[in-house]
Participant: 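Below you'll find the structure I mean.
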Amino acid sequence: MPTEAKETPFTLAKAAKGDKPVKKRETDSADAAEQSPRKKVKTDEQDVKPTDADKVDSKPSTSSSASTKPAASSFFAPRSSKPAESSKGKGKEKEELRNGSADEKDGKDEDGDEEMEEVKVKRAGKDASESPSGAGEEDEEEASDDEKEQEQEQEAAVKIADIFTKASKPDKAQTSWKAGEPVPYAALTATFSKIAATTKRLEISAYLTEFLVNVIDKTPEDLLKTVYLCINRLAPEYESIELGIGESLLMKAIGESCGRTLAQVKAEYKKIGDLGEVAFNSRTRQKTLFKSKPLTVRGVFDELKKVAKTSGKDSQGRKVGIIKALLAKCEGEETKFLIRSLEGKLRIGLAEKTVLVSLAHAAVTAEHYKADNKKSRGQLASQLEFGAEVVKAVFSEIPSYDLVVPALLEKGVDNLKEACSLTPGIPLKPMLAKPTKAISEVLDRFEGKQFTCEYKYDGERAQIHYLEDGSVRVFSRNSEDMTVKYPEFVTQLPRCIKEGTRSFVIDAEAVAWDTEEKRLLEFQKLSTRKRKDVKVEDVKVKVHLFAFDLLYLNGEPLLEKNLRERRVLLREHLQPVEGEFAFAQSEDASTVDGIQLFLDKSIKDGCEGLMVKMLEGEGSSYEPSRRSIHWLKLKKDYLQGVGDSFDLVVVGGDYGKGKRTNVYGAFHLACYDAESGTYQLICKIGTGFSDEALKQHYDTLKPLELAQKKAYYDVGTAKGPDVYFEPRVVWEVLAADLSLSPIYSAAKGLCGDRGISLRFPRFIRIRDDKDPESSTEPEQIAEAYRRQSIQSGGGKKGKGGTADDDFW
DNA sequence: TATGCCTGCCC
DNA sequence: ATTCTGC
DNA sequence: GCAGAATGGGCAGGCATA
């Protein structure tokens, strides 16, 4: 059954590479041994040992990362869609397949094109000589020693300092503007363009800094809107102002604006993988008849906000109208970036963190210019570093550009901290955790340190603010305001507040709760709650809170205190309330066995696993927004050889977007139902693939493309893939959970009406050794679903009393 | 009024 | 959410 | 290790449309 295509270069190449699997860290053997064996939900009872080829495929880290050679160099440059690729033989084929004629690009003669070409060439040739940091940008051999990193950081800072102590180069005509004038949108997009042309983070940051310095210098009143366009937002997260524009409406707007049919736009999109490029490529010439006034940053921002605020009947048409009007005014690359902004992804390697750094650097640099006493290189460098730290820290406590940017302009970096700090009523960025692949890894990291394990509840993160005036605010993990979703907290919270507690911010998990059975419910239940206009009376799904941290108390921020202290304060000032509020179940386990037991218990109780946290010493403070290594998450499916895996058939593929242009970006999977002889769709999958694996999958599957869906593919009500395949390729896929699906048909009828799908599916490895018909059976999937049902908590809990509540 | 698509936001 | 990758 | 960019299931809510 494996066709030729299947065992082409992929397997061979992989096997060859696998010959020298120098292991960086013991991954498989040791860890696997320490865990109970993965529950195989598969057709073969005997656990088939992965072949070498498989292994390498599924765990690139074990092989490639270990070798000192830059194995990755053979990959295509990630963000270039064409030029880099075409130089590599294989890419050519694909271009034909997906792009049709390649000459599209050459035929254009509009302004802006030249620049584009230039950029592309640069990307392809990795020519960085134009970088603001100068040609001297180190040819980074790999260097990952701590010292070296330190050095690099220092150097980097100095370099950045250098850039701004030099006289700035003369601006290009359209991208410069006079002081006091609105910042031209073209100036911003030109900056985006430069940023898109490199992958070097320092360079990216430097380009943006350079631009922001200009803005501060010439038109500081535009800084806020500029920054918003850079991070692709319209307002702080907690203000929930959304564009309400997606791919569909955008394609409509592009089509209408360029005089193309929707179908044409869609086809282009599939080929090119970027709507911005689509719009850019298909601009009609007619608009150039009259040159409208150039777009400005503030103008674009204001229009976007208008789009967001448009609602009600015919709102979609009106939104499209605004967008079309904007598009008509776009020149050159503005089109591309405008569309990308609307898509919500700039995709130029620039996102919030980098913007923050650049903003800080720009502020420092601007001050530096104003104050005539030029500092030394070193001084400026350390100022820059300091500024970045301050701005990042401030922003994580007050994630609002509306507040931080003006404060930065008025008070400067030096006084920013006093001007902006943790304020109840405004969310702070939550502390995040790193996944952990083995219990031994936990011990490695926390060796000799005091740490605690807590249940990782399967609910929704809830940062709850209780203000002095008795009002309550609830924020999600992403700082969205969830207050209206949980009206019951207003009456519930006071019950768990002890005397003398006037205000606080707690970090907690809100979990769906079965009041009858007194037990946790699945996440899926929680998500059925209404989100708007919720009245306490018609809340159907009750929620239980599990608090695990205290960030602010009676007017004092507690972020700097260690977790042990915060936890004491938490327990001193709040109290459990049966069925409503409790402290996260915790245990200060310290051995592999102890952790393992607690982990098993957490899962039996319906949790996802454990969180492991430093209690004291370095890393035990609350570090907003840091996916800190000081908090670890331990889930059964992370552990080598543990968790449910399935062998599924690849029956469809979607064209990739962005850096996955020219390969399939995601795949549709099915299980085989022997009884009906159908392939039942179970989920899509889009993660777990190395870049190289994606290419190989493309090569393998492309020849298996079908003109039409097979009659025996049962896609349920799911949206079909871009292309269907012959049922031939089998993959092992890992999932955290199974869910009853409203759209998929797998195992339909075995657990009620609905089919079953996978939560957090990811690719593990190819199963050359299995044919499609021996993939995981529906019954096995149903079995796995039944197995995961949460045990009733009743047995464990006695009755009433705080000791008992403390259990949960 | 019912249904279905799209979007944003949880995980 | 998970995962991969360049810096 | 960080930051960014690919990608998942599934829900409510808003709108368009049948």
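A, B, ... follow the sequence lines: proteins, then strands. Residue 1 opens every chain.
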Participant: Have a look at A:Leu669 and say if it touches a base, only the backbone sugar-phosphate, or nothing, with a 4.0 Å heavy-atom cut-off.
Facilitator: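 Here A:Leu669 touches no strand at all.
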Participant: Salt bridge (Lys or Arg N to Asp or Glu O under 4.0 Å) with A:Glu460: which of A:Arg477, A:Lys525, A:Lys485?
Facilitator: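 The residue from A:Arg477, A:Lys525, A:Lys485 that satisfies salt bridge (Lys or Arg N to Asp or Glu O under 4.0 Å) with A:Glu460 turns out to be A:Lys485.
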Participant: Examine the side chains of A:Ser645 and A:Glu732 and answer whether a donor and an acceptor come within less than 3.5 Å of each other.
Facilitator: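 Yes, side-chain donor-acceptor contact under 3.5 Å.
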Participant: Using atom OH of A:Tyr486 as one end and atom P of D:dA12 as the other, report the distance to the nearest whole Å.
Facilitator: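 After rounding, the reported distance stands at 13 Å.
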Participant: What does A:Lys313 touch in the nucleic acid at a heavy-atom separation under 4.0 angstrom: a base, only the sugar-phosphate, or nothing?
Facilitator: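 It contacts sugar-phosphate atoms only.
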Participant: Does a distance-only test, which skips hydrogens and angles, find a donor-acceptor pair under 3.5 Å between the side chain of A:Thr687 and the base of D:dT7?
Facilitator: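 Checked by distance alone, the answer is no.
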Participant: Is the shortest side-chain N/O distance from A:Lys657 to OP1 or OP2 of D:dA5 below 4.0 Å?
Facilitator: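 No, because none of the side-chain N or O atoms of A:Lys657 sits under 4.0 Å from OP1 or OP2 of D:dA5.
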Participant: Could you tell me how far apart A:Ile743 (CD1) and D:dG10 (P) are, to the nearest whole angstrom?
Facilitator: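 From A:Ile743 CD1 to D:dG10 P: 6 Å.
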Participant: Just to confirm, is there a sub-4.0 Å distance from OP1 or OP2 of D:dA12 to any side-chain nitrogen or oxygen of A:Lys530?
Facilitator: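 So the side-chain polar atoms of A:Lys530 never come under 4.0 Å of the phosphate oxygens OP1 or OP2 of D:dA12.
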Participant: Go through the side-chain N and O atoms of A:Thr483 and A:Asp481 and say whether any donor and acceptor fall under 3.5 Å apart.
Facilitator: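 Yes, A:Asp481 and A:Thr483 have a side-chain donor paired with an acceptor closer than 3.5 Å.
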Participant: Expressed as a whole number of angstroms, how long is the span from A:Lys659:NZ to C:dT5:P?
Facilitator: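 Nearest whole value for this atom pair: 8 Å.
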Participant: Counting the atoms with a prime plus P, OP1 and OP2 as sugar-phosphate, which does A:Asp314 contact under 4.0 Å by heavy atoms, base, sugar-phosphate, or nothing?
Facilitator: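 Touches sugar-phosphate only.
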Participant: I need the CD-P distance between A:Glu343 and D:dG4, as an integer number of Å.
Facilitator: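 Taking CD of A:Glu343 and P of D:dG4, I get 18 Å after rounding.
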Participant: With respect to the side chain of A:Ala351, which nucleotide from D:dT7, D:dC2, D:dG4 is positioned closest?
Facilitator: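 Of all the options, the side chain of A:Ala351 is nearest to D:dG4.
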Participant: Quick one: do the A:Ser358 and A:Ser205 side chains pair a donor with an acceptor below 3.5 Å?
Facilitator: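 A pair is found: one side chain offers a donor N or O, the other an acceptor, under 3.5 Å apart.
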Participant: Pick the nucleotide of DNA chain D nearest each of A:Thr310 and A:Gly686; which residue has the one closer to the 5' end?
Facilitator: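 Closer to the 5' end of DNA chain D: A:Gly686.
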Participant: Ignoring hydrogens, what is the shortest heavy-atom contact between A:Val541 and A:Arg529? Give both atom names and the distance.
Facilitator: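 Closest approach of A:Val541 to A:Arg529, heavy atoms only: O-NH1, 2.7 Å.
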Participant: Round to the nearest Å and state the distance from A:Arg765 atom CZ to C:dC4 atom P.
Facilitator: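 Distance, rounded to whole Å: 15 Å.
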Participant: Just to verify, what does A:Phe446 make a ring-ring contact (aromatic ring centres under 6.0 Å, His included) with, not counting sequence neighbours?
Facilitator: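 For A:Phe446, the residues satisfying ring-ring contact (aromatic ring centres under 6.0 Å, His included) (neighbours in sequence not counted) are A:Phe451.
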Participant: Please state how far atom CZ in A:Phe667 lies from atom P in D:dT7, giving the value in whole angstrom units.
Facilitator: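 It works out to 11 Å between those atoms.
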Participant: In whole Å, measure the gap between the C1' atoms of B:dT3 and C:dG6 for me.
Facilitator: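 47 Å, rounded to whole Å.
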Participant: Using 30° and 60° as the class limits, which term best fits the ring planes of A:His697 and A:Phe763: parallel, tilted or perpendicular?
Facilitator: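 Ring orientation of A:His697 relative to A:Phe763: perpendicular.
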Participant: Does one side chain, of A:Glu623 or A:Ser628, offer a donor that lies under 3.5 Å from an acceptor on the other?
Facilitator: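 A donor-acceptor contact under 3.5 Å links the two side chains.
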Participant: Any idea how A:Tyr457 and A:Tyr455 line up, ring-wise: parallel (<30°), tilted (30 to 60°), or perpendicular (>60°)?
Facilitator: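 Plane angle between 30° and 60°, so tilted.
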Participant: Decide if atom CG of A:Asp753 counts as having more than 12 heavy atoms of other residues, nucleotides or ligands within a radius under 6.0 Å.
Facilitator: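 Not more than 12 within 6.0 Å, no.
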Participant: Please state whether the phosphate of D:dA6, meaning OP1 or OP2, lies under 4.0 angstrom from any side-chain nitrogen or oxygen of A:Arg347.
Facilitator: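 So the side chain of A:Arg347 is within the cut-off, an N or O lying under 4.0 Å from OP1 or OP2 of D:dA6.
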Participant: At under 4.0 Å, does any side-chain N or O of A:Arg660 touch on OP1 or OP2 of D:dA6?
Facilitator: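 Answer is no, no contact under 4.0 Å.
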Participant: Output the rounded distance in Å from CD (A:Glu203) to C1' (D:dG4).
Facilitator: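 Atom-to-atom, A:Glu203 to D:dG4, this comes out as 16 Å.
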Participant: Reading nucleotides 1-11 of chain B 5' to 3', which nucleotides get B (base under 4.0 Å from a protein heavy atom), which S (sugar-phosphate only), which -?
Facilitator: -----SSBSBB
Participant: To the nearest Å, give me how far apart CD (A:Gln524) and C1' (D:dG9) are.
Facilitator: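 The distance from CD of A:Gln524 to C1' of D:dG9 comes to 8 Å, rounded to the nearest Å.
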Participant: Look at A:Thr354 and D:dA3 and indicate whether a side-chain polar atom (N or O) is within less than 4.0 Å of OP1 or OP2.
Facilitator: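 No.
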Participant: Does anything in residues 623-635 of chain A reach DNA chain D, meaning a heavy atom under 4.0 Å, and if so which residues?
Facilitator: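 Within this stretch, A:Arg626, A:Arg627, A:Ile629 sit under 4.0 Å of the strand.
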Participant: Please classify the nucleic acid contact of A:Leu350 as base, sugar-phosphate, or nothing, using heavy-atom distances under 4.0 Å.
Facilitator: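 Counting heavy atoms under 4.0 Å across all strands, the contact made by A:Leu350 is with sugar-phosphate only.
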Participant: What pair of heavy atoms forms the shortest contact from A:Ile245 to A:Ile323, and how long is it?
Facilitator: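 Distance-wise, the nearest heavy atoms are CD1-CD1, 3.4 Å.
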Participant: Reckon A:Leu694 touches a base, only the sugar-phosphate, or nothing at all at heavy-atom distances under 4.0 Å?
Facilitator: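 No contact.
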Participant: With nearest nucleotide decided by heavy atoms, which residue, A:Gly665 or A:Arg445, maps closer to the 5′ end of DNA chain D?
Facilitator: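 Whichever sits nearer the 5' end wins; that is A:Arg445.
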